[in-house]
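Taking it in order: structure first as structure tokens, then the write-up.
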Amino acid sequence: MAKERFNHAQIEAAAQKKWEELDLYTTDLEDSSKDPYYLLFEFPYPSGDLHIGHWYAFALTDIYARYLRMQGKNVLFPIGFDAFGLPAENAAIKNKVDPKEWTLANMERMRGQIRTMGTSVDWSKEVVTCDPSYYKWTQWLFAKLFEQGLAEHREAPVKWCPKDQTVLANEQVSDGKCERCGTEVVERTLTQWFLTITKYADRLLRDLEPLPWREDIKEAQRAWIGESEGAKLTFALERETTAESLASATVFTTRPDTIFGATYLVLAPEHPLVEELLASAHNAEEIRAYRDTTARKTERERSENKEKTGVALGGVIAVNPASGERIPVYIADYVLASYGTGAVMAVPAHDERDFAFAKKFNLPIKQVVVPCAVDPKNPPQEGFVEVKRDTVIVHLRDVSTGKFALLDWHGTLEGITTAIMGGVEEGQTPEEAALAEIKEEAGLTGVRIVERLPWITAAKYCASHKQENRCAHTYGFIAEVDDLSSQTAVDASESDKHTLVWVDESEVAKRLTPIHQKQVWQLLHAEEALTDDGYLIASGSFTGRDNREAMWEMVDSIGGERVKNYRIRDWLVSRQRYWGCPIPVVYDPEGNPHAIASEHLPWLLPEDVDFSPTGVSPLATSKELKERVTRIYGEGWTPEYDTLDTFVDSSWYFLRYLDPKDEHDFSDQTLMKKWLPVDRYSGGSEHTTMHLLYARFFQKALYDLALVPTAEPFNERFNRGLILGPDGAKMSKSKGNVINPDEFVAKYGADAVRMYLAFIGPYNEPGSYPWNLDGVDAMRRFLDRVYALKDAQVDSEVSPALSQALARAAKKIGGESERFKFNTAISGLMIALKELEAAETLPREAFQEFLRLLAPFAPHLAEHLYEGEGSVHAASWPVGVVEETDEITVIVQVNGKKRGEITVQKTASEEEVVALAREYEAVIKAVDGASIAKIIYVPGRILNLVTGGP
RNA sequence: GCCGGGGUGGCGUAAUUGGUAGCCGCGCCUGCCUUAGGAGCAGGUUCCCUCGGGAGUGGAGGUUCGAGUCCUCUCCCCGGCACCA
């Protein structure tokens with residue numbers, strides 16, 4: 001017999017009607033009788049249809065909104081539409097419809113769908129970014145930024161999408177492709193509007209630290225801002241032949257400690273000095289050709305091919321300000337014009353890119369930092385003096401077999417395997433020392449040194465018998481021997497210490513035991529720069545010092561400047577598209593930009609426009625716009641034809657929610673003081689670096705203008721996971737795995753669908769979940785079980801046990817909801833339901849209390865079954881007190897393994913518990929006659945008996 | 001490559017933050033009910049086992065009376081950044 005299933009369509013419609021009649025969700029922002037709580041989710045783009053992702057975004061934040069209201073909070077839970085943007089324009093081009101009509105129709109459709117979801121959003125605060133009453137204030141704020149010098153009009157190379165026919169922000173380009181349509185972007189030089197977010201880079205970074213955000217979100221922002229600390233150093237440029245001073249080049253480096261190792265200088269192809277020095281170069285043609293080739297390449301093409309290219313600035317040299325060395329100057333596109341100073345000092349020994357370039361162009365590689373390994377078995381001791389010793393390590397190869405000689409040590413050094421090694425004695429060259437050691441330790445003569453290794457390395461260890469720390473400054477050699485048969489035997493005193501062994505090349509690294517031995521061998525084969533820290537060599541008066549410790553002194557000594565540099569670029573906001581907020585600027589007859597005065601705002605988007613994509617801004621085709629400018633400003637004045645990036649619209653919408661209809665101000669100062677910052681902002685991880693950073697920048701700029709009361713817009717930020725298609729792949733129309741929620745809502749009901757989404761996993765973590773119908777079905781079964789209990793209600797007293805069960809549930813469900821862990825909150829509901837079902841009789845009061853716990857999760861069904869006054873959503877969250885019982889369960893362990901559990905009075909002493917435990921059969925068996933050496937008792941939790949001997 | 005977050009049953013997940021590993025759900029198994037079941041109900045379900053137990057949270061060590069949780073090394077997955085000097 002099928003269980004009675006409720007008619008969800010009927011119940012939902014009735015509940016929604018009731019909420020509207022009671023006007024349940026209009027927030028009185030002035031109300032000061034309750035704590036304000038601003039719960040925000042990212043407002044949707046009106047694409048036309050509500051998809052399952054919208055449900056995940058809106059319905060789950062709605063759970064929290066409802067919970068907070070029941071907690072007695074005054075909750076602001078608003079919604080609006082991010083209504084400007086490309087899809088409308090593309091639809092317009094394709095289907096010959098008006099973008100405005102298209103957008104308005106979509107919004108109307110989505111409003112209806114959102115209403116049927118049963119979310120408790122406050123429609124009275126709705127904002128629509130394409131509405132003149134909204135964009136009037138986007139324009140007003142832009143004008144404010146312009147007045148502050150935070151909006152700049154300048155020529156710059158920009159990313160251009162040939163398909164969308166518009167400029168893109170750096171952030172909208174990924175892998176060299178337009179983020180929106182996937183078309184390869186090209187670079188163009190245009191005069192564009194920029195918001196100078198770089199001026200706030202430092203504050204955006206610093207103010208991030210105290211925010212209670214998840215580390216990965218903060219880290220993504222930090223990486224985007226990309227702070228690096230370093231120095232600006234200046235190199236004089238001279239004519240190579242006459243030493244005539246030509247100019248000077250400033251470089252940015254994060255490694256000024258390696259200045260003595262700078263063996264050449266590199267300028268970005270776009271660097272202004274390149275043009276300036278062209279006349280002095282003897283290979284001007286070559287340079288021009290290189291510059292042109294580079295200019296024709298997209299940034300992607302440049303970075304895709306990691307093979308270094310470049311050309312020397314022939315006849316020009318730079319003077320290393322530290323060493324005085326005259327070093328060559330190159331032009332290469334691995335140096336970016338847009339980062340740092342567009343010029344670098346190249347230290348091939350200690351920078352991977354410089355190393356690759358130096359190898360290719362045969363430039364000198366000069367080591368100035370010696371990386372230092374520490375012997376982990378014998379580390380330097382605090383307080384001992386450090387003594388530096390020059391040492392050598394020899395890798396000796398037998399030419400006839402190709403094997404290498406190693407020494408297996410005996411005695412106190414048993415188990416250690418090294419190469420032939422030893423100290424460099426007074427008056428010896430390292431080469432001589434190497435040959436001497438070969439003779440001494442291996443007893444070999446007729447050996448030749450074939451190579452001195454390029455890098456010097458070091459190892460630190462403690463020589464405890466001498467009370468000193470040693471630093472072995474080590475030169476490496478490769479030596480070869482032809483004929484082993486004619487060799488003399490090793491001195492007996494040496495052969496006692498070690499045995500000479502010959503091993504294959506591939507075995508060497510595995511056999512070497514002390515860490516620096518291994519390191520030297522690896523360096524021998526390492527064709528790469530040394531980027532590790534260590535001590536300085538060949539660095540004038542700084543030689544011997546720790547590189548990090550000496551760094552800033554070195555900067556001072558050559559008149560360098562300590563600076564911080566940021567990777568973030570200014571925000572390009574000009575778009576050559578129609579469906580956006582017109583940039584509120586006009587140009588005087590001289591071409592200077594002027595912000596449009598507030599009495600002319602909103603500066604309306606003209607309607608007599610041909611918006612087919614031609615590469616010029618559609619607004620340029622408007623007759624009305626030109627006439628408007630002439631009428632207001634006079635002959636010779638011209639309009640700005642570009643529109644704003646839609647991220648500008650969405651950078652302040654949460655301020656407008658507080659006063660959406662205000663005609664005299666962008667928001668309300670008093671209400672902002674009361675409601676900002678947003679308490680919790682829930683959204684998608686795709687907005688971590690753009691929207692979130694832009695909104696923070698806007699807030700700070702407005703804060704500095706005293707237009708908003710806080711420097712940060714959002715307190716908590718939660719990023720939700722992703723709902724995948726049933727096939728586990730990201731939903732996309734092309735894959736045909738898009739879930740349309742309407743179908744499932746019709747079949748299972750809105751409550752079941754939202755509970756399924758809530759139960760799927762923790763909401764505040766970046767997981768991804770495939771859509772699974774069985775899960776929706778399970779939620780419907782749960783709701784059917786709830787519904788089935790409605791007729792079991794009797795007017796009897798609630799038993800203490802049931803009362804306690806509900807109190808525990810209220811506590812758990814509340815706590816989990818607080819942390820957006822709706823999955824475990826629902827688990828709490830299921831446990832509570834089981835307890836209600838198991839009760840002999842179901843007191844009405846108990847079931848009604850359960851409905852209050854259910855209300856945020858299944859708002860329609862809870863409303864339908866609720867018998868109290870008004871709406872269940874206006875009821876308060878149950879505040880059951882979880883009482884402690886007199887009896888407690890103690891887990892008994894023997895040697896950390898669980899052997900049983902005993903129930904004792906809460907007041908029982910340790911002795912009593914131990915005595916009880918020792919009578920327990922499994923415990924007796926586990927102890928097995930052994931004596932108890934130790935007893936660990938955590939009252940009320942655990943007893944651990946640790947056995948000693950028999 | 002660098003940075004961040006993770007690896008727990010067949011699956012999604014849970015674990016009071018150092019104290020009973022596997023809650024809740026899916027799936028699966030058994031039984032009941034039913035003309036029927038892609039319905040409902042009850043029970044079971046980490047693995048191995050000689051039914052006494054034993055093993056177990058990616059792997060290897062360590063700290064601790066006790067480790068999914070802390071430390072060291074290592075492997076793998078996801079996300080971000082990436083010629084940023």
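Protein chains get the first letters and strands the later ones, always in sequence-line order, with residue 1 at the start of each.
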Are OP1 or OP2 of [N] and a side-chain N or O of [X] less than 4.0 angstrom apart?
X	N	value
A:Tyr339	B:rA85	yes
A:Lys834	B:rG25	yes
A:Arg785	B:rC41	no
A:Lys821	B:rA14	yes
A:Ser228	B:rA85	yes
A:Asn823	B:rA14	yes

Considering only side-chain heavy atoms of [X], which listed nucleotide, [options], is closest?
X	options	value
A:Tyr334	B:rA85, B:rC83, B:rG25	B:rC83
A:Phe252	B:rG25, B:rA85, B:rC83	B:rA85
A:Ile936	B:rG54, B:rC24, B:rG19	B:rG19
A:Thr253	B:rA85, B:rC24, B:rG54	B:rA85
A:Ser827	B:rC24, B:rU20, B:rG25	B:rC24
A:Ile831	B:rA85, B:rC81, B:rC24	B:rC24
A:Asp774	B:rC65, B:rA85, B:rG27	B:rG27
A:Arg781	B:rA85, B:rU20, B:rG27	B:rG27
A:Asp333	B:rG25, B:rC83, B:rC26	B:rC83

Between the side-chain atoms of A:Asn944 and the base atoms of B:rC65, is any donor-acceptor pair under 3.5 Å?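 Indeed there is one.
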
Student check: side-chain heavy atoms of A:Met779 and A:Phe759 closer than 4.5 Å: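 They are in contact (side-chain heavy atoms under 4.5 Å apart), so the answer is yes.
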
Test item: A:Asp751 and A:Val753 side chains (from C-beta on) under 4.5 Å apart, heavy atoms: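 No - every pair of side-chain heavy atoms lies 4.5 Å or more apart.
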
Does any nucleotide pair with B:rU20 by Watson-Crick or G-U wobble geometry, both distances under 3.5 Å, and what is it? none

Give none if B:rU30 has no partner; otherwise give the nucleotide forming a Watson-Crick or G-U wobble pair with it, both distances under 3.5 Å. B:rA42

Take atom CD of A:Glu352 as the centre, draw a 6.0 Å sphere, and report whether it contains more than 12 heavy atoms from other residues, nucleotides or ligands. no

Just checking A:Glu901: base, sugar-phosphate only, or nothing, at a heavy-atom cut-off of under 4.0 Å?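 Contact class for A:Glu901: base.
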
Can you tell me if A:Thr198 and A:Asp570 form a side-chain donor-acceptor pair at under 3.5 Å?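 Yes, A:Asp570 and A:Thr198 have a side-chain donor paired with an acceptor closer than 3.5 Å.
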
